[in-house]
Amino acid sequence: MNVVIGADHGGFILKADLVGFLEQRGQAVRDVGTYSEEPADYPDYARALARFILDGQADRGILICGSGVGASIAANKFPGIRAAVCHDTFSARQGVEDDAMNVLCLGARIVGRELAKEIVRVFLAASFSGAERHVRRVAKVKEIEKEFMKK
């Protein structure tokens, strides 16, 4: 699995920790920035991360800002991106298994390093269930994207 990770200045330190964590686990990870604690805008990193996924260069993404909320809002503007803020392992797993979530958003001011690592581990280990009801629901989400992208 190819993973892309990005953060604004509020998520920079946690992102660096998670990149190291993923690399120690042998996980290939592409870091799209930011590369310092200088003020940076989360929509720029949501765009960069989304492009990697939508172009097929990454399967999953991890996007970090102060709360995770802004990152999630921005990421969900891209058709085909299903992003959610998850500050617990249940949501991270269930979001993939039931909702085909492909971007995990974290709030660096909300979760500590060790919990963030566990959430990321669970997110990357999870697989979409393929259950009929979940396939149907994800298809409806895709229909909504198509309908409103025309406007």
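The figures here come from the full heavy-atom set of this structure, side chains too, leaving out hydrogens, waters and symmetry mates.
The side chain to side chain donor-acceptor pair (under 3.5 Å) check on R113 picks up D17, with sequence neighbours excluded. For A131, the side-chain contact (heavy atoms from CB on, under 4.5 Å) criterion is met by S129, R133, H134, not counting sequence neighbours. Under the side-chain contact (heavy atoms from CB on, under 4.5 Å) criterion, A108 pairs with L14, I64, sequence neighbours left out.
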List the atom pairs, with distances to 0.1 Å, where a side-chain N or O of residues 79-88 and a protein N or O form a donor-acceptor pair under 3.5 Å, not counting sequence neighbours.
| from | atom 1 | to | atom 2 | distance (Å) |
| --- | --- | --- | --- | --- |
| R82 | NE | A100 | O | 2.7 |
| R82 | NH1 | G80 | O | 3.4 |
| R82 | NH2 | A100 | O | 3.0 |
| H87 | NE2 | G107 | N | 3.0 |
| D88 | OD1 | F90 | N | 3.1 |
| D88 | OD1 | S91 | N | 2.7 |
| D88 | OD1 | S91 | OG | 3.0 |
| D88 | OD2 | S91 | OG | 3.0 |

Would you be so kind as to tabulate the donor-acceptor pairs closer than 3.5 Å made by side chains of residues 115-122, with sequence neighbours excluded?
| from | atom 1 | to | atom 2 | distance (Å) |
| --- | --- | --- | --- | --- |
| K117 | NZ | E114 | OE2 | 3.2 |
| E118 | OE1 | R121 | NE | 3.1 |
| E118 | OE2 | R121 | NE | 3.3 |
| E118 | OE2 | R121 | NH2 | 2.5 |

Could you tabulate the donor-acceptor pairs under 3.5 Å formed by side-chain atoms of residues 37-55, not counting sequence neighbours?
| from | atom 1 | to | atom 2 | distance (Å) |
| --- | --- | --- | --- | --- |
| Y45 | OH | T34 | OG1 | 3.3 |

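Hydrophobic clustering of Ile, Leu, Val, Met, Phe, Trp and Tyr side chains at less than 4.5 Å, counting indirect connections, unites L18 with V3. In this structure, F21 is a member of the same hydrophobic cluster as I110, with clusters built from ILVMFWY side-chain heavy atoms closer than 4.5 Å. Note on V29: it clusters hydrophobically with L106, by side-chain heavy-atom contacts below 4.5 Å among ILVMFWY residues.
With rounding to the nearest 0.5 Å, the separation of CG in L104 from CZ in R60 is 10.0 Å. With values rounded to the nearest 0.5 angstrom, M101 atom CE is found 11.0 Å from R93 atom CZ. Between the CE atom in M149 and the CZ atom in F78 there is a gap of 9.5 Å [rounded to 0.5 Å]. Note that CD of E132 is 8.5 Å distant from CZ of R137, once rounded to the nearest 0.5 Å. Here CD1 of I73 is found 9.0 Å from SG of C65. Values are rounded to the nearest 0.5 Å. The NZ atom of K142 sits 14.5 Å away from the NZ atom of K140 when rounded to the nearest 0.5 Å.
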For side chain to side chain contact (heavy atoms under 4.5 Å, CB included), just list the numbers for N2 and Q57, CA-CA rounded to whole Å, side-chain angles, deciding distance to a tenth of an Å, and then say yes or no.
CA-CA 7 Å; N2 292 315; Q57 297 176 60; over 6 Å; no
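Of the possible polar contacts, one joining the Q27 side chain to the M1 backbone as a donor-acceptor pair under 3.5 Å is found.
Between F12 and Y35, the closest heavy-atom pair is CE1-C, 3.3 Å. Across every non-hydrogen atom of I62 and F123, the tightest pair is CG1-CE2, 4.3 Å.
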